[in-house]
Structures are given as C-alpha cells and as structure tokens.
Protein chains: 2
Amino acid sequence: MSFEAATHATAIQLCHSVLDRCGTSGSGHPTSAMGIAHVATVLLYESMRWDPASGANHDADALVISGRHASHITDAVESDVGASVRHVTHIAPGTPGRGLAIATGLALDARERKSPRRVFCIIGDGETREGAVWEACDLAVERSLTNVVPIIACNQSGQSGATGPGQSAAALTKKFGAFGWSCVTIDGHDPAQIRQALADAAQSAAKGTCTAILARTTKGWGSSSLQAGSWHGRAPTGDRLRQAKSELDAMRVRYTSALASAGHFRRQAPGQVRAAAAGTAASATSAMSGTATDSAGTASATIANFAQAMRAADMGTVLATGKLSTRRAYGLALRTLAQSDRRIWSLDTDTRSATGADAFANDRALSDRFVECRAGEQSMVGAAIGLASAGAIPFCSTYARFVSTAHGDIESAARAGANVKVIGSHAGIAGPATGTPETALVDAAALRPLTTLCRHGAPAFHILQPADAWAAYGLAVAMARHDGPCMMRTSDVEGEFLYGDSTSFELGKFEVLTEGRDLLIVSAGAMIHECNRALDLLDLSGIDATIVDLYSIPFDRDALLDLANSNGGNILVVEDGAGGLLASAIAEACTDSGDAFTIGAMHVQSVGVPGAAASGTPLTHDDRLRAAGLHHSQIAARAAALLGVRA
Amino acid sequence: MSFEAATHATAIQLCHSVLDRCGTSGSGHPTSAMGIAHVATVLLYESMRWDPASGANHDADALVISGRHASHITDAVESDVGASVRHVTHIAPGTPGRGLAIATGLALDARERKSPRRVFCIIGDGETREGAVWEACDLAVERSLTNVVPIIACNQSGQSGATGPGQSAAALTKKFGAFGWSCVTIDGHDPAQIRQALADAAQSAAKGTCTAILARTTKGWGSSSLQAGSWHGRAPTGDRLRQAKSELDAMRVRYTSALASAGHFRRQAPGQVRAAAAGTAASATSAMSGTATDSAGTASATIANFAQAMRAADMGTVLATGKLSTRRAYGLALRTLAQSDRRIWSLDTDTRSATGADAFANDRALSDRFVECRAGEQSMVGAAIGLASAGAIPFCSTYARFVSTAHGDIESAARAGANVKVIGSHAGIAGPATGTPETALVDAAALRPLTTLCRHGAPAFHILQPADAWAAYGLAVAMARHDGPCMMRTSDVEGEFLYGDSTSFELGKFEVLTEGRDLLIVSAGAMIHECNRALDLLDLSGIDATIVDLYSIPFDRDALLDLANSNGGNILVVEDGAGGLLASAIAEACTDSGDAFTIGAMHVQSVGVPGAAASGTPLTHDDRLRAAGLHHSQIAARAAALLGVRA
C-alpha cells in the first residue's frame with residue numbers, strides 16, 4: 001500500500017476501534033476521536049520518532065492531546081500497535097485548553113537538554129477560547145520553542161453548537177500569526193498534506209520559526225450519519241453503531257483500493273541528544289541523567305544547610321543579623337538545590353523580585369532553567385506539569401493572591417500526581433501592606449481539599465507554611481525531595497530565626513516550640529511569632545501553653561492529639577488567613593479521633609484587612625494584626641477565655 | 001487655556017497628588033499611575049459623558065482600571081474634582097488582566113438596555129500576558145460590543161524588568177487585530193491624540209467595529225528621576241519626592257505656557273437611553289428599571305413554584321414521573337425567574353445543554369440576556385462581575401470540574417461582594433460517568449474558605465447543594481433574591497422528588513428529612529438519596545437515625561447542634577467530594593461550640609473515582625458509589641461502627 005492508503009486504512013481501523021469501545025460502554029466522545037484519526041495516524045505511525053517496542057525515552061517525540069474528548073484515539077492506537085503509547089502521549093487533565101502549556105513544559109526540558117525531541121500537541125478549535133492557550137502561545141514564542149508543534153483540529157463544532165467565528169481556521173491563522181507563529185492550513189484528513197505540514201514545521205523550526213498547523217477536520221469523519229451536531233459526546237449503539245461502522249467500511253473500500261500500492265509507513269527511531277553545539281557533550285550528558293525520571297537526586301541529599309548556603313552566597317552578614325524573610329530563604333534554597341541538581345527549575349510570573357526567585361534567575365549558571373512566564377499563571381503551572389512529566393522538578397512562584405488564578409491547573413497537577421511545586425509569597429496578613437496586591441487570605445485554604453485526597457495511598461497534596469528562614473530553606477529542600485505536588489506560603493516579613501541546624505523539616509511533621517500543660521496553641525507561618533509574643537501575657541494569666549508550629553498539612557494527627565491531650569484537651573488555633581486551613585484540618589483530626597477537645601479558632605474574619613488608616617497612613621504590622629483580631633494580646637485574651645481564666 | 005494645556009496642567013496636578021499620597025504612606029505604585037495621567041485626564045475631564053455632581057447613573061460612561069497599580073489616579077481625580085468618581089470608575093480586583101472581562105459585562109448590560117453608555121478600560125501592557133484578556137477580547141468581538149474601548153498603556157515595563165516582545169505596542173496591534181479589533185496607536189501623553197483616538201473609536205463603533213487604543217506611555221511620566229525601572233512599586237519620599245515634584249513643575253511650565261490659551265474641557269452629560277430602534281420604548285424603560293441597583297426585584301417575590309413552572313413549560317408529563325435532575329430544575333428556575341425579572345442573565349461556557357442553561361438560551365424572549373462565553377470560564381465570571389456592578393443578576397453555569405478554572409475570579413467576586421451566581425453541574429461522583437470531564441471533587445470545597453469570611457457582617461459567600469428538583473428550583477430562586485455571590489452544585493442524575501410546595505429553601509437553613517434519636521446523618525445534594533436508602537439497613541441494626549439535608553453552607557449552627565445533641569451527640573457526615581466541605585464546616589461548628597460530639601466523616605478518599613471497570617464496561621451508579629466507599633450499605637456499616645453496634 002501507498003503511504004496514503006496505509007494512512008487511510010489505519011485511520012479507519014482506529015475509528016472502528018473507537019466506535020467499538022465507546023459502543024460497548026455506551027459512553028464517550030467517539031466523533032471527536034474520529035476527527036483526529038488521520039492526524040494521529042500520520043503522527044504516531046509515520047512522522048513522530050519513537051519506538052513502540054521500547055519504554056520511556058526522553059528523546060522520543062511526544063504527543064500531547066489537549067482535548068480529552070479525542071483521547072479515545074490513543075486506546076485505539078494501543079490496540080493496533082500492541083504496545084503502550086503512554087510513554088509518548090499525554091492526555092491533558094482538567095479544563096480544556098491545557099495541552100499547549102504542558103507541551104511547552106516538555107519542550108523547555110528538551111531544549112535545555114539539547115534533546116532532538118519534538119512535542120506535538122493536538123488542540124480542539126473550541127479550546128482556543130481558553131486564555132490558557134494564548135498564555136502558552138506567548139511563552140513558546142518568547143522562548144523560541146520551535147520544538148513544539150500545535151495542531152489545531154478545526155472541526156468548527158463545539159458541545160452546544162458551532163464554535164465561534166473567532167475559532168475558525170482562518171481566524172486562528174490570524175491569531176497564531178499575531179502571536180508570532182507561522183501557520184500552515186491543511187485538510188486534516190489528507191495523509192500527504194498532514195505529512196507535508198509536519199515536514200514544513202520541522203524545516204521552519206530549523207530556521208527558528210515556531211509553526212502551528214491548522215487542520216480542517218470533520219467530527220465523526222468516515223461516518224456521515226454521525227456528523228450531525230447531536231452526536232457530540234454520544235456513543236452510537238445497536239443499529240446506529242452498525243450503520244456508522246458500515247459507513248467506515250465503505251470509506252475503506254474507497255480510499256484503500258484506489259491508491260497506489262507502493263510504500264508504507266516509515267517511522268523513525270528516536271533521535272539522539274546532539275553533541276552539544278552550544279554546550280559541551282559532558283554538560284549534555286549530565287543534563288540527560290539529571291532529567292531521567294529514575295534519577296535518584298542524590299545531589300539534594302547532601303545539600304548545604306541554611307547557614308552554609310547563606311555563607312556560600314556571600315550573605316554571612318545578613319545571617320549574623322538573625323533575620324531573613326522566608327521568601328528570600330526560599331530563593332536561596334532553590335538556587336542552592338539547583339546548583340547540584342539539574343532537575344530543579346524555577347518558573348515565575350513577573351514577580352521574581354518579590355517571590356525570591358530572582359536568586360535563581362540572576363545566577364548565570366542556572367538561568368537556562370529559569371522561565372519568566374510573565375503574567376501567565378496558568379501557563380506557568382501548565383508548563384510545570386509538562387516539565388515534571390519529563391522528570392524535572394519545577395518550582396512555580398507568584399504572589400499568594402495570584403495562586404488561585406491557576407487553581408484548576410494545580411488541582412490537575414495534584415490529581416495527576418505531577419511533581420509540581422507552587423510557592424505563594426506575601427501570604428496572609430502578617431506582611432506589610434506595601435506594594436503588594438490584595439491580601440492573600442484563601443490561597444492555601446482553597447487548596448486544602450486536595451490534601452484530603454490520596455493517590456496511591458499517599459496524600460495527593462501538601463501545604464507548607466514555614467515560620468522562619470531556616471524552616472523555609474528546609475521545607476524547600478523537603479519539597480524537592482518529595483515526589484509529588486505541594487504548595488509553600490512565604491512572607492516578606494524579615495522575621496527572626498526560630499530554628500537552627502538541629503531541626504530537620506519533613507512533610508507531614510510539626511515542631512513543638514514550647515512545652516506546657518494547659519493549652520495547645522497551634523499556628524504556622526508568620527503567625528508563630530505572634531503566638532510566641534503572647535507567651536508572656538499567658539504567663540501572667542497563669543496559663544502554661546504549648547506552642548506547636550504545624551508547618552505541614554497533612555500532619556501526624558496522632559502525635560498532635562497526644563499533645564492536645566497532655567494539655568487538658570484544650571486547643572487554640574491561630575492562622576492568618578480565612579478559615580478552612582489549619583482550623584479545619586485540626587477540627588477534622590479531633591472529630592475523627594472520637595475524643596473530646598475544647599477548641600478555639602482564630603482566623604481572619606473579614607474579606608478585607610485594611611492596609612491603611614482612613615488618613616492614608618499605612619497601618620503598622622501591629623495595627624494590621626489588631627485589625628484582623630490576631631494581635632498577640634488578642635491571642636492571649638482568647639486563650640484565657642477558652643480556659644475560663646481571667647486575662 | 002487650550003485643551004492641550006488644560007490636559008497637561010490637570011495631568012501634572014494629578015501626578016503631584018499621586019506622589020503626595022504615596023509619599024505620605026511611603027507605599028504604592030505612583031509611577032504606574034503617572035503613566036496614565038493624561039489618558040485618565042482626557043477620559044474623565046473631556047471625553048467621558050458623566051456628571052461629577054450627580055450620583056450613579058447607568059447611562060453615564062464608565063471607566064474600568066484593570067491594572068490596580070495605576071488606581072491611585074482615581075483618588076487624585078477625586079481630590080481634584082471634589083466629588084466621588086466611584087460611580088463611574090471600577091478598579092478590577094485580584095489578579096492582573098481582569099478588567100476587560102468586567103468591562104464586557106458592563107457593556108453587555110448597556111447594550112441590552114440600549115443605553116448610550118460606553119465603557120473604557122485601561123489595561124497595562126504586561127497584563128496582556130494573562131489569558132483572561134484574550135478570552136474577553138473574543139467575547140467582546142463576538143457580541144459586537146463596540147461600546148467597550150480598551151486602552152492599553154504600553155510602557156513596556158513590568159515588575160521585574162521590560163515586558164516581553166509579545167507585549168509591545170506593535171505586537172499588541174497585531175494581536176488585537178487578529179482577534180477582530182481595529183487598533184489606533186497613539187502617544188499616550190499627547191492630549192490631542194488621546195482625544196482623537198477616543199473620537200475615532202466612537203466613529204468605528206457607529207460602523208460596528210470594536211476599537212482598541214494602544215497608548216505608548218512612560219511610567220513615571222513627568223519625572224525623569226523616577227523613570228528608571230527600579231521605581232516600580234516604590235514611592236519616593238524626602239529628597240527623592242521633592243526632586244520628582246520639581247521635575248513635574250518644570251513640565252508644567254513647559255507645557256502650559258507655550259500653548260494657546262483658548263478653549264478648555266468640554267465634558268458632556270450622560271446620554272439618554274435611545275428611544276429603542278430595535279425594541280419598543282416601553283421595553284427599554286422596563287429594562288432600565290430592571291437594571292437599576294435600587295430595584296426591589298419584586299417580580300421574583302411572586303414567582304411560580306416548581307410544579308407551576310413545570311406545567312407552564314409544558315413539562316407536566318415529566319413532573320408526573322416524580323423525577324427530574326437538579327440541573328434541569330435549575331434551568332427551569334432560571335428561565336422562570338428571567339421571564340419576570342429583566343435583571344436575570346445566563347452565562348455559560350459551551351456547556352449549556354449539560355448545565356441546563358439551554359432552557360434560558362432557547363427562550364427567544366430571553367436570549368438577548370444569554371451570553372455564550374464558549375470555553376472562557378474566566379471571561380464568564382469577569383463579565384458577570386461587570387454585569388452585577390450594573391445591577392444585573394448574572395448566573396454563570398459550567399461543569400463543576402471547570403469552576404476552579406475561574407477560582408481567582410470567584411474569589412474576587414466574593415471579596416468585592418459582587419452579586420455573581422455560579423452553577424457547577426455534574427458535581428460529585430453521584431452522576432453517571434458518561435460524557436463528562438473528570439469527576440468534580442473539590443469544586444465547592446475549594447470555595448468553602450470564602451464562606452468563613454464576612455463582608456459587612458454577612459457571609460461573603462454561600463455554597464448550595466440541592467438534593468432534588470424542588471430544592472434546586474427553590475435555591476435558584478433564593479440565590480436570585482440574595483444580594484451576594486453564591487455557588488450551587490447540580491447533578492445530572494434524574495433523582496426522585498423529595499420535596500414539595502410546603503418546603504421553602506433559604507440560604508443558611510437546612511431540612512430535617514427523618515427524625516430519630518440515635519444518630520444525626522448530615523449530607524447534601526445527590527448523596528441525600530443514598531442516605532435515605534441506608535435507612536432500612538440502619539433499622540435492621542436498631543439505629544434510629546435523623547437525616548438532615550444540609551443544603552446550605554454556612555448554615556444555622558445552633559439548630560444543627562441541637563439536633564446532634566438530641567441524637568446522643570453522634571454525627572455522621574456523608575459527602576460526595578473531597579474533604580473540606582460539609583465535614584469541615586460541621587467539625588468547625590462542633591469544635592467552636594465547646595461541646596463534645598462523636599463524628600464520623602465519609603467523603604471521597606481518592607483523586608480518581610473509576611468511571612469504568614478494567615473491561616471498559618462503565619460502572620453503574622451503584623458501582624461508582626461502592627468504589628468511592630459511599631454506597632448506602634457502606635453508610636449503614638459506618639453508622640453502626642460509629643455507634644458500636646453490630647451492622
């Protein structure tokens with residue numbers, strides 16, 4: 001068979017397979033999958049360089065399918081080739097429009113390793129209404145990621161009807177063009193046009209131009225009876241299934257008998273890492289091993305401690321002051337980690353001077369692995385998912401208030417087990433009110449539900465709140481060592497050191513700062529300092545308090561409740577955000593235990609914590625705490641009320 | 001003074017005022033505000049039709065400032081004109097890039113009312129990296145919202161350094177052009193060019209073309225000493241402040257003495273609602289009263305009940321079956337509400353056939369107030385914030401799994417008190433696994449922290465989970481009557497009716513379905529049915545259970561805990577999502593009360609609930625419940641274990 005006939009025959013076979021599978025379950029989106037059957041066939045059987053017989057290979061080309069609806073096609077390919085295609089295909093999770101950002105992450109990794117990997121991404125035209133697609137378009141062009149090739153399946157059919165006029169192939173050509181892409185428009189069911197477009201994209205890439213392919217496709221290709229709009233998201237069964245399959249058979253006769261019989265698929269094996277032109281072969285090799293998923297990451301096992309890292313960074317004088325913000329300690333940790341572990345990446349949203357990521361970005365030896373995503377929070381987390389799937393350890397930093405803009409993407413990372421780390425700086429009310437966006441009150445609380453879910457028996461997500469620079473440094477190292485998604489909240493307060501080298505920070509643990517017997521005060525992050533300040537007042541009231549720095553959620557519940565029980569069952573939770581984070585996690589632990597506890601919870605009660613007095617004069621740190629009801633005098637008063645003693 | 005001189009003089013005065021204010025507090029972003037001083041002057045003193053002396057007027061032109069950094073300028077204008085500008089200016093909350101979506105919402109309202117209002121939106125060039133901007137661009141063009149005029153302040157300076165090449169005025173001209181906008185590029189500090197561009201935009205609008213203005217601006221205009229990048233987000237004080245102000249004074253001399261002295265500002269009063277060309281004058285008038293913020297909304301006070309609405313919609317036969325999904329009941333309620341209340345709008349993300357919003361969209365009398373946002377969740381919620389600020393009551397529907405994509409926007413709505421309603425369909429695991437995206441597990445739980453915050457003494461957010469069609473209908477009506485943001489989760493399960501006309505649904509309340517004395521079972525949404533199914537098994541175990549449908553969060557804590565106490569203090573919480581929603585809210589209520597309770601919580605434990613068996617056969621509803629540990633037999637077993645009796 002010719003290439004054309006072979007492609008048609010295979011595509012038709014895949015369509016049959018999709019229909020059979022969906023018909024069995026009576027569910028799925030077979031028509032969406034049929035619409036990309038030819039594109040998937042040319043990619044996976046001809047143009048992509050990969051080897052079905054071998055396992056994961058970080059230099060094999062990759063395919064990201066952004067529109068989940070069409071993902072049945074990969075199951076069909078697996079049946080046909082008799083091997084898993086999971087190691088070269090990625091189905092983007094969650095909301096539509098996420099695939100291209102993930103593809104940019106894979107491409108960033110390949111580029112940094114000087115790998116010949118190319119990353120193809122099939123995107124539905126309707127998905128391009130998602131802003132996340134355009135964030136990724138900007139990022140790819142700005143980083144000259146010519147190794148990403150988006151293929152838009154332009155079937156002009158959405159779920160509820162036709163896609164918008166702004167989502168036509170012509171409109172999308174203009175849009176991609178304006179975002180800096182070269183565009184090729186093809187018939188997405190013409191094998192030769194698909195192959196040629198992919199070859200053209202490779203040629204453009206060699207010249208430094210990013211190329212997008214606009215493939216006009218037909219939803220339900222091959223079966224005219226399924227091409228009416230009402231078949232979106234529906235699987236034909238019974239007679240309708242038989243009719244669709246017989247229409248496909250007619251297509252087979254039409255396309256595979258009339259075409260010449262010479263030739264066949266010529267899939268190539270994965271390329272090799274190029275003997276580095278820009279770098280050295282040695283660096284390319286170390287990059288390779290650094291990004292392999294099975295790398296043990298032993299480098300981070302022997303990392304310098306906080307004080308050593310400070311001195312190594314010529315910050316010995318600052319160290320001697322005994323004060324450093326957790327955001328700066330994070331930046332130092334990230335840089336120190338990255339210096340001995342090439343898997344560590346830093347991504348940021350034009351906030352690096354605020355988040356501490358500038359310590360990484362400004363280090364010339366690391367700057368290749370710094371990704372300035374500008375104001376694109378969603379593309380940042382999406383790219384991080386892609387990087388993580390290539391074995392990298394990406395840290396995404398932004399203002400804590402902006403974390404929720406990528407909430408859906410972080411949820412996707414957690415549910416997929418993607419090894420993505422998120423840092424939210426300027427978290428809570430503790431910091432000064434200057435130069436920052438709105439106070440971040442629900443940033444971490446909104447992510448706590450993810451910590452209640454498990455993946456393979458382990459928590460799906462961790463939330464970390466360091467109280468000082470030692471903790472921020474230690475937790476950043478712990479995050480890097482942990483294979484799974486987490487978030488850390490940092491602050492810009494130049495807080496005093498509470499810890500030293502003798503404390504090790506681990507996910508799931510907590511630290512007892514003061515041991516008493518009357519009341520267990522649980523807090524985290526910058527509020528720990530305020531709890532410590534309350535100790536003298538508590539003493540005056542005759543309250544002998546225990547203070548726990550509950551820096552991790554989830555945490556060791558039994559150990560915490562033991563402490564509560566040895567404090568008369570009295571617990572006071574203090575947190576500098578909305579409810580739903582520490583207080584909820586502790587309340588659930590208490591109620592699950594079946595034991596009785598007396599619990600008081602102090603959190604921010606109002607949507608807005610004032611930054612300035614009516615006069616315009618900014619509130620001091622103390623004023624802000626008082627306005628939020630979280631001043632140490634208020635903590636002491638609440639503790640006394642809880643225990644029924646006079647303050 | 002000439003217009004030019006007057007503009008310069010005023011802009012310089014505003015810059016002085018910005019510097020003085022920021023200098024006093026030592027904080028803020030004065031240079032960003034100075035960069036838009038001329039644009040703001042021409043808008044607010046010359047081209048916008050509004051009257052500082054009068055209050056809110058829904059036909060006055062509006063100005064949305066997307067980049068919060070520049071918002072100091074409105075305070076300066078207020079000082080200068082001696083009147084509030086709050087009724088014509090909107091500062092977009094939250095993450096950058098939100099302003100244009102809000103502007104489209106205001107413009108949708110004006111368009112529907114045939115109001116001459118125009119909506120200007122000042123956007124920072126760096127903000128255009130946010131995908132939300134491009135979602136809004138698509139929406140505005142698709143709806144031909146020529147009454148929106150974005151003005152991009154192109155200062156090419158972000159927080160961390162220069163903006164990206166894709167954010168230059170030239171690149172943005174291409175992008176806006178590709179999205180269907182006509183573009184005008186001007187010197188953003190030249191008064192005549194600004195005025196002319198605004199006039200050109202009005203002319204284009206008359207011809208049906210949307211126009212964007214690319215204004216090249218200088219951050220820190222007027223003070224060369226502040227134009228270095230390091231002044232982003234910093235306020236000069238002392239000598240630096242004095243220097244900046246003296247540089248401004250030099251600009252005043254330069255610009256106001258050299259120009260001709262004739263003429264001045266010619267601000268026009270707000271226009272009037274056009275005697276409707278397309279509709280009737282009467283409908284325009286009713287639209288006006290319908291959208292006025294002080295409208296009492298009495299129409300919804302006399303709305304038909306669910307059964308009446310079903311019959312009116314020719315769904316009497318369905319009603320007689322005693323079954324309807326909550327998503328369809330929602331659609332019916334929305335349509336019924338909208339028929340007598342012009343403030344009700346429906347927005348959706350190409351999911352209307354799934355969410356139930358098609359009942360609204362397909363009603364010709366309502367379709368002007370239906371906004372198909374396609375796959376743009378963020379632009380949907382942003383437009384809803386704009387609509388709400390114009391007095392409309394927008395309902396935003398999408399798959400529950402997609403709600404988190406607009407999480408940051410919903411947070412902004414809650415914190416600003418915007419009257420935005422969010423509907424997440426196919427929530428939880430109860431529904432069939434067909435044709436839907438990933439199971440929505442954390443959709444509402446992620447929003448619960450917002451319910452712990454207050455705004456003017458009332459909860460900042462409500463989460464609603466109707467158990468049947470009567471409840472969904474009643475809660476949709478309650479949402480419309482409540483002035484504040486809420487979210488409702490709906491299901492596609494064709495569930496049996498539990499309620500009738502005798503039950504009224506109110507935010508903050510719950511319903512007791514079965515009264516017992518041994519155990520309080522608390523659940524909500526579709527899981528209520530499973531709890532009811534557990535009753536027979538509980539009877540066999542000798543457990544006399546109370547079942548509460550806790551359809552609202554927050555809820556009446558005292559009433560619920562009274563019930564718990566009359567059930568031996570035993571509580572079993574059953575919910576079909578991750579932890580952090582019902583169980584957390586109840587655990588917090590219990591712990592806050594100081595009383596001891598025995599609580600068991602059942603929720604989904606794993607990131608993924610299987611939709612199909614390994615064979616590909618889809619799991620039945622029962623199978624899915626069992627896989628999630630939420631089958632009625634498992635509920636009964638857990639109840640027995642909690643009470644220590646044999647199941």
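A, B, ... follow the sequence lines: proteins, then strands. Residue 1 opens every chain.
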Starting at [atom1] of [X], measure out to [atom2] of [Y] and round the result to the nearest 0.5 Å.
X	Y	atom1	atom2	result
A/Arg374	B/Gln159	CZ	CD	12.5 Å
A/Trp134	B/Asp138	CH2	CG	8.0 Å
B/Ser160	A/Asp348	OG	CG	6.5 Å

Contact part of [X] toward chain A, heavy-atom cut-off under 4.5 Å: side chain, backbone, both or neither?
X	result
B/His456	neither
B/Glu588	both
B/Leu441	both
B/Ala357	neither
B/Cys373	backbone
B/Leu139	both
B/Glu130	both
B/Ser412	both
B/Ala406	neither

Among B/Gly580, B/Ser606, B/Ser404, B/Gly408, which residue forms the greatest number of heavy-atom pairs with chain A at distances under 4.5 Å?
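Most heavy-atom pairs within the cutoff with chain A belong to B/Ser404.
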Residue among A/Arg98, A/Lys174, A/Arg352, A/Arg234 with most heavy-atom pairs under 4.5 Å to chain B
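When all of A/Arg98, A/Lys174, A/Arg352, A/Arg234 are compared, A/Arg352 has the most.
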Best-contacting candidate, A/Ala446, A/Ala375, A/Ala178, against chain B by heavy atom pairs under 4.5 angstrom:
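Among A/Ala446, A/Ala375, A/Ala178, the one with the most close pairs to chain B is A/Ala375.
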Derivation of the side-chain contact (heavy atoms from CB on, under 4.5 Å) call for B/Glu135 and A/Arg129
CA-CA 6 Å; B/Glu135 292 184 10; A/Arg129 193 65 175 252; 5.7 Å; no
Could you tell me which non-hydrogen atom of B/Phe402 sits nearest to which non-hydrogen atom of A/Pro96, and how far apart they are?
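Looking at all heavy atoms of both residues, the shortest contact is CZ-CD, 3.3 Å.
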So, the side chain of B/Arg455 versus the backbone of A/Val607: is there a donor-acceptor pair under 3.5 Å, distance only?
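A pair under 3.5 Å: no.
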Would a distance-only check, ignoring hydrogens and angles, find a side-chain to backbone donor-acceptor pair under 3.5 Å from B/Asp350 to A/Gly158?
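Flag not set: sc B/Asp350 to bb A/Gly158 has no pair under 3.5 Å.
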Would you please say whether a donor-acceptor pair under 3.5 Å links the side chains of A/Ser584 and B/Arg448?
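Short answer, yes.
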4.5 Å side-chain heavy-atom contact, [X] and [Y]:
X	Y	result
B/Arg401	A/Glu411	yes
A/Thr452	B/His603	yes
A/Gln378	B/Gln378	yes
A/Leu447	B/Val442	no
B/Asp592	A/Ile599	no

Aromatic rings B/His407 and A/His407: how do their planes relate, parallel, tilted or perpendicular, breaks at 30° and 60°?
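Because their plane-to-plane angle is under 30°, the rings of B/His407 and A/His407 count as parallel.
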Between B/Thr405, B/Val403, B/Thr349, which is the residue that forms a side chain to side chain contact (heavy atoms under 4.5 Å, CB included) with A/Thr95?
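Testing A/Thr95 for a side chain to side chain contact (heavy atoms under 4.5 Å, CB included) against B/Thr405, B/Val403, B/Thr349 leaves exactly one candidate, B/Thr405.
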